[in-house]
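In what follows, chains carry the letters A, B, and so on, assigned in the order in which the sequence lines appear, proteins first and then strands, with residues in each chain numbered from 1. These numbers come from a predicted model, not from an experiment.
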Amino acid sequence: MKVLLEAKNVSKHFGGLKAVDNVDMVIYEGDIFGIIGPNGAGKTTFFNLCSGVFPVTGGEIYFNGENITNLRPDIIAKKGMARTFQNIKLFNYMSVLENIKIGFHIHSRTRMWDAILHTSVYKRDEKLAEEKGMEIIERVGLKDYKDILAGNLPYGMQRMVEIARALALDPKLLLLDEPAAGMNPNETMALMEFIKKLNHEGYTIAVIEHDMKFVMNTCNRIMVLNFGKKICEGDPEYVRSNKEVNEAYFGKGIVVQGGTM
Amino acid sequence: MLKIQNLSVNYGYIAAVKNISLEVNEGEIVTLIGGNGAGKTTTLMAISGLVPKASGTITFKGVNITKMSPDKIVKMGICHVPEGRRIFPSLTVYENLMAGTIGNPSLKKPQIKQLLEKNYELFPRLRERMKQSGGSLSGGEQQMLAIARGLMMDPDIIMLDEPSLGLAPIIVEEIFDLILKIRNAGKTVLLIEQNASMALSIADRGYVIETGNVVLEGKGRELLANPDVRKAYLGG
Amino acid sequence: MNEIILKLKSIYDKYKIIIILAGSILLLLVPVIFPKSYIMGIICRILLYIILAGGLNVINGYSSQFCIGYAGFFCIGAYTEAILALRLKINFWLLLPIAGIVTAIAGLLICLPTLKLKGKYLALVTLGFSEIVRLIALNWSSLTGGPMGLKGIPVPKIFGIEFKNSLSYYYIFLFLVAIFLFVTRRVINSRIGRAWMSIREDEQAARSLGVDTSMYKALNFMYGAFWAGIAGAAYAPYTRYIDSTFFTLDEGFNILSMAIIGGMGTLIGPVAGSIVVNLLTELLRPISEYRLVAYAILIIAMMWLRPQGLFGASKSILAGKEIVKKARKAEKEAAA
Amino acid sequence: NVGGTKGKTEEGEKVIKFGLLAPLTGVNAEYGKGFEVATKMAIEEINKAGGVNGYKLEIEVADSKGDQKESSDLARKFGDDKEILAIIGDFTSGCCMANAPIVDAAGIVQLSPTASNPDYAGMSPYTFSIMGRQDAEAPFFAKYIIHKYLGMKNVALIYINSDWGVSSRDNFLKGAQEVGLNIVAEASYVQDEKDFSSLLLKLKAANPEAVIIFDQGAVPQIVNQIAALDWDIQICALGPGTSQQIIELCGENAEGLITSTPFFFDPNNEKQMAWKEEFVKRAGFEPTVHPVMAYDCVYLLKEAIEMIGDGEITRKAIRDNLQVVEYDGLGGPIKFSDAGDVTRKYLICAVENGKFVLKAGYDYADE
Amino acid sequence: MEYLLNQIVNGISQGAIYALMAIGYSVVVGVTGLITFTHGEVIMIGAFASFYIFQYIGNNLILGIIASFIASWILGMFIYYVCYDRFFEAPSHISLICTIGASMLIRNLAQIYFGPNQKPMLNIIDNKVYRIGVLQVSLMQIVILITVVVLASILAFFINNTRWGIMLRAVSQDKKAAYLMGINVRKTAMIGNCIGCGLAGIAGLLISIYYQTLQATMGGSLGMKAFSSSVLGGLTDTRYSALGGLAIGLIENLGITISTASFRDIFAFGFLITVLIIRPEGFASRKGAKSQ
Ligand SMILES: Nc1ncnc2c1ncn2[C@@H]1O[C@H](COP(=O)(O)OP(=O)(O)OP(=O)(O)O)[C@@H](O)[C@H]1O
Ligand SMILES: Nc1ncnc2c1ncn2[C@@H]1O[C@H](COP(=O)(O)OP(=O)(O)OP(=O)(O)O)[C@@H](O)[C@H]1O
Ligand SMILES: [Mg+2]
Ligand SMILES: [Mg+2]
């Protein structure tokens with residue numbers, strides 16, 4: 001299998017705090033890769049390193065065979081990595097469609113004069129954004145909401161818009177940070193199905209999630225972080241049975257069982 | 001102890017909450033469950049006076065607090081841990097906790113110290129991060145801080161809006177334990193949760209809210225067993 | 001107000017071509033209708049400020065970089081035109097774009113090192129920049145005439161027609177405003193405009209979507225500066241004399257208040273802002289020394305009554321909470 | 001040939017109207033207000049005395065805020081208004097110069113009491129200024145006050161970096177060169193400066209015999225800050241004239257200050273004192289040299305109109321006569337050069353016992 | 001050498017004046033979270049309040065300070081209701097324009113009612129000049145420097161170590177959450193704003209005594225300097241803002257030493273821009289604060 005994203009010895013320190021500490025990780029093409037770990041374990045920080053939000057303190061990150069360590073976020077995005085945020089970052093005051101149109105930014109070439117003169121480049125770009133944008137909106141089931149301001153949608157839908165917007169980049173790798181947070185169990189189920197479907201279509205996905213039902217049922221491989229260190233990696237069964245993980249993360253397991261006490 | 005009668009709240013012309021009545025008795029854990037946008041958060045905001053009410057009355061310990069200003073309501077002993085945490089990002093953890101004590105002017109220095117110790121025991125993470133600014137905490141740590149900050153005012157009733165959002169299972173367990181502990185310490189809890197099954201399993205009573213209306217109410221266990229509820233909120 | 005705007009818009013959409021045609025003819029005939037140089041002078045001023053407030057609006061309204069020292073760019077444009085016209089005798093029509101480009105480069109220079117700055121800090125840098133530019137104009141006597149200013153700036157000519165008073169200069173301003181609105185409209189409605197707006201709404205998200213925010217912020221600043229340069233270049237031969245006292249911070253605040261009162265984040269906003277503010281200053285004249293008092297009160301009143309400005313983008317992070325609520329209401333009703 | 005229409009008041013009297021451009025608001029409001037008060041005083045006096053050639057005078061005051069765009073608009077307004085036969089103002093050279101093409105096109109006199117940019121008056125036949133050219137006063141200051149009266153060799157200059165300040169200083173240098181004065185230190189500042197102490201330290205370090213200030217508004221502050229430095233030095237000021245404000249604002253610190261002035265409010269001259277009293281009563285503050293100039297402007301125009309005699313009173317006629325008028329104003333004698341400005345004659349004054357006194361014997365006219 | 005030392009003394013005392021204004025400014029920005037252009041006008045009103053006290057009651061410095069503080073406190077209330085109270089939830093440019101409007105309003109009213117001319121403020125404090133070796137320091141300079149140090153320390157202590165300080169900061173960061181803490185947000189914000197304004201009023205008094213004059217239009221450039229100094233200090237930290245004021249004062253005066261005062265603002269702003277490029281949030285830049 002082809003390695004898509006590889007982290008070698010990646011660290012990130014905030015002052016004295018080692019938020020991410022010497023983490024090695026490999027994501028293969030076609031994976032749904034889960035990252036779990038207690039709060040403050042460094043999961044989001046790790047995503048931020050991969051997507052270029054923070055520079056690393058040490059180590060290297062390779063994407064699709066290319067060294068992307070410390071590149072700017074927009075350059076990394078152009079290379080085919082898209083992401084969502086733990087605390088949703090939509091363009092709240094733009095409509096759903098406009099949000100997604102911005103996702104097509106990297107696929108369009110319009111320059112100042114193209115825009116002023118309405119050249120063929122401009123027309124092609126606008127057409128692409130409009131048509132493909134609608135296509136994606138329909139896929140995530142938000143067709144009826146396309147003209148509503150993104151900030152006015154319920155939480156669950158906002159998460160879907162964020163994913164849709166990331167999909168507009170047509171990325172090789174999709175990083176999702178707690179996509180199911182704030183969703184009720186039914187919505188979570190729908191999301192699971194959707195992510196699996198995307199995966200079937202060829203998207204590689206990395207996901208941070210605290211909803212164990214979600215993680216265990218969708219991911220084929222899981223990495224567990226604790227205090228910035230990787231403490232375990234493997235398939236869901238292996239992770240579930242790992243003692244260290246249980247102590248640090250699952251606790252008594254009430255929640256993992258989906259709440260059936 | 002807390003009694004809400006025919007409460008309605010509008011945002012502009014949208015009715016977010018329609019004629020809700022509910023009651024919280026002293027020493028109870030009461031939970032509100034319901035889908036996204038059902039009006040749960042809005043109800044809590046209305047109780048703490050952060051949104052104007054279209055109609056209805058809210059009484060707390062027999063006092064009508066419908067028209068009180070938010071800070072006075074808090075000083076009555078109602079603590080609201082809001083959705084999305086809303087900690088003060090550039091205050092340190094310690095200062096955030098101290099900010100929590102403002103809502104209870106009757107607290108004296110030694111009591112504050114005691115409360116602080118108690119909270120540090122509940123959340124050892126916070127002690128470690130004492131001098132760090134609130135904004136630099138991870139999501140879960142912020143949630144802990146928000147709850148701890150609420151507990152610092154030693155309230156009579158604590159209203160928690162989705163306290164488990166984004167927390168690791170082990171912390172969620174801890175928080176639910178904590179909620180029980182709070183109740184056992186004689187306090188009253190009003191809880192909003194997406195994780196309906198957990199919420200109902202610890203709650204004494206629960207209300208199911210849909211599009212601004214109370215559609216069901218009952219004992220926690222009863223609701224948990226109710227097939228409609230299971231289908232709608234517990235994922236089958 | 002919102003309802004009125006919507007109604008006006010629907011009427012406009014219906015009779016678009018007729019309105020545009022009739023409007024243009026009317027605009028061309030204005031100096032015939034008002035052959036008074038005083039009235040035309042005010043109209044010229046309004047047009048000048050449409051470009052200035054509009055250019056500033058591109059910066060403040062579309063990418064939310066907060067520039068309050070726009071007068072500095074205006075100053076650079078005016079001096080560039082004046083110096084090159086006086087020293088090198090370059091033709092006005094050539095100088096317009098040259099001044100625009102020089103100013104855009106100045107915009108780039110101040111914006112590049114300050115891309116990381118946010119809100120208030122950037123605001124202060126632009127303010128400082130504006131003062132520095134003015135002081136350079138005041139002190140660099142050999143180039144700018146220093147405190148003596150530059151006089152005798154040649155008036156523009158085309159086909160033997162001299163634009164030497166407000167009646168004729170009106171056409172130059174009108175032409176520039178038309179170009180400005182046309183070009184800006186097209187830029188805003190393209191990928192570039194969308195990128196600017198995404199930066200305004202959430203910079204981090206924009207970056208994660210592959211928008212090179214530094215580049216687009218710089219471009220945005222340059223675009224805004226460019227038009228200030230054009231406005232300056234058009235203004236210098238209009239007054240035929242400039243000195244550094246023309247470009248104080250107050251001038252920058254004046255432009256800023258037009259942009260905000262008219263409403264940021266829309267094209268029509270600065271047009272309305274310029275008209276309202278400039279007319280106000282004229283209409284309030286009879287109350288002599290109380291004029292600025294009344295003007296100040298009116299500004300505050302306008303912000304109280306309509307915080308997003310007359311035609312502000314109610315669908316934007318720029319709009320206040322109230323407005324958000326109203327928009328939500330309308331949308332919910334539409335969706336229902 | 002523009003103009004020529006004369007308005008009538010309600011009682012059927014014939015009137016001649018002037019326009020006044022003045023910064024009634026903004027940072028220069030003090031001077032604008034002075035303009036307004038002084039011109040109105042002059043007009044009332046003239047009207048009381050029977051007017052000019054049977055006409056009553058009227059003045060339309062317009063607030064330019066010191067903003068050249070507004071000033072230009074107002075100049076256009078006056079230009080369009082056929083009833084207005086001449087414009088007095090504006091205060092700053094910047095505004096006046098921006099207006100020059102406009103008044104030129106409208107063929108209306110713009111007579112500025114204060115515009116001091118040496119280029120201004122020459123911009124059009126219709127632009128005039130009575131402030132006085134610095135190529136006379138500044139050399140006078142160097143040659144007579146410093147060299148002859150004080151007998152000093154080494155002086156330090158501090159000047160405002162404005163058209164007026166710079167041309168004064170340049171002309172001063174010319175005069176200084178002729179008599180071999182040494183300029184041991186120089187410093188400049190811009191409008192609105194508040195803290196002069198470091199500039200003064202710089203001057204002090206050069207150890208001059210006298211400090212010469214080229215400014216109007218900031219003179220009191222500089223004098224005070226020299227005192228605050230505990231620096232005992234001869235201070236001279238070019239520009240403020242015998243402005244009572246200096247004494248009011250400096251108190252004892254002003255003792256010994258020497259200024260040049262085109263005119264002098266002689267405490268023994270009843271007429272002048274009455275004028276001053278009247279001004280203070282109306283404006284609420286002591287006059288500087290500026291309102292005096294504005295006052296003279298009205299009389300100049302009156303003289304010019306009187307010279308027209310029986311001819312038609314037009315804008316053009318006013319201009320032509322203004323050019324040749326000779327008038328002995330409150331602020332000294334005035335006669336325009338071809339360009340339209342004035343070369344004045346100056347007196348030496350000093351502050352003694354809290355009062356300005358005339359130091360006779362070095363009158364420029366005597367040379 | 002002597003000359004340079006005296007210039008440094010000069011720079012420090014001018015810096016102290018900037019610092020004095022900046023302290024109040026940073027309190028205002030700290031609690032409202034919004035920048036203001038009314039600060040210069042508050043300074044001016046503070047100066048005028050004491051001017052009239054001195055004129056009608058006599059040269060009593062204590063009375064003057066009280067009058068300045070009260071007058072500017074009241075003005076602070078007015079500014080709060082006009083510019084902030086209803087705009088906390090709205091984008092910041094709205095209240096910014098309101099402050100520009102309010103400043104225009106206050107300045108022009110002052111010009112009409114106090115008169116547009118300069119007014120003297122003579123002999124309030126004895127002008128004693130002390131010589132320490134080659135150094136020359138005036139009593140007024142010492143008074144101002146001490147005032148700055150004392151005020152900045154008291155305020156920093158107050159804001160960082162007292163419950164009131166926590167309240168003020170909580171209000172500035174998240175008004176809704178502050179309500180939920182039982183803080184009366186509007187009252188706290190108003191009092192915070194008034195404290196800042198009161199300090200500005202005292203600054204106005206000291207400035208007019210130092211320069212011995214005052215005028216209705218004096219606020220404009222002073223307010224701008226207060227803003228700059230405060231930005232240099234990171235806008236909300238009183239100690240750093242005071243430091244920012246001192247730094248700007250020093251740089252300006254050293255700059256003037258090698259050139260002339262026409263370049264004063266070029267040095268001030270040039271320095272400021274340079275600092276901001278290196279430290280985007282002024283002296284007080286905190287590393288690693290998550291921007292959420
Ligand atoms: N910018 C920052 N400055 C300082 N510390 C930070 C910063 N960002 C994160 N941290 C710290 O790094 C640690 C890891 O944070 P991170 O947000 O990655 O946690 P997480 O695993 O995503 O947790 P959660 O599941 O709660 O979101 C935390 O202790 C947090 O306090
Ligand atoms: N500030 C607001 N302005 C207008 N409408 C609002 C506002 N806040 C909430 N609403 C709307 O009011 C309704 C109820 O919202 P509320 O936040 O109370 O729901 P909730 O039950 O807490 O949902 P969730 O589970 O997503 O937190 C929703 O339709 C929401 O869109
Ligand atoms: Mg996280
Ligand atoms: Mg909610």
With only heavy atoms counted, which part of [X] is less than 4.5 Å from chain D, the side chain, the backbone, both or neither?
X: L222(E); answer: side chain
X: T257(E); answer: backbone
X: Q7(E); answer: both
X: Q136(E); answer: side chain
X: Y210(E); answer: side chain
X: N108(E); answer: side chain
X: Q141(E); answer: neither
X: M218(E); answer: both

Quick check for you: among [options], which has the greatest number of heavy-atom pairs under 4.5 Å with chain E?
options: S188(D), A205(D), A29(D); answer: S188(D)
options: Q191(D), Q225(D), E186(D); answer: Q225(D)
options: A283(D), G284(D), A228(D); answer: A228(D)
options: P220(D), G251(D), C250(D), G34(D); answer: C250(D)

May I ask you to test the [X]-[Y] pair for a side-chain heavy-atom distance under 4.5 Å?
X: E193(D); Y: R264(E); result: yes
X: Y3(E); Y: K202(D); result: yes
X: Q245(D); Y: N117(E); result: yes

For [X], which atoms come within 4.5 Å of any heavy atom of chain E: side chain, backbone, both, or neither?
X: K33(D); result: side chain
X: A227(D); result: backbone
X: N28(D); result: neither

Nearest non-hydrogen partners of [X] and [Y], listed with the distance:
X: N10(E); Y: S197(D); value: OD1-OG, 2.7 Å
X: N161(D); Y: S262(E); value: ND2-OG, 3.0 Å
X: T217(E); Y: G26(D); value: CG2-O, 4.0 Å

Just checking, is any N or O donor in the side chain of Y211(E) or D195(D) under 3.5 Å from an acceptor N or O on the other one? yes

Do other residues, nucleotides or ligands put more than 12 heavy atoms under 6.0 Å from the CD atom of E252(D)? no

Counting heavy-atom pairs under 4.5 Å with chain D, the top scorer among P116(E), G11(E), S13(E) is P116(E)

Tell me which of these, Q111(E), E252(E), Q118(E), has more heavy-atom pairs under 4.5 Å with chain D than the rest. Q118(E)

Stepwise side-chain hydrogen bond (donor to acceptor under 3.5 Å, both in side chains) check, S221(E) with D192(D): CA-CA 7 Å; S221(E) 53; D192(D) 272 351; 4.9 Å; no

Under-4.0 Å salt bridge between D230(D) and K128(E): no

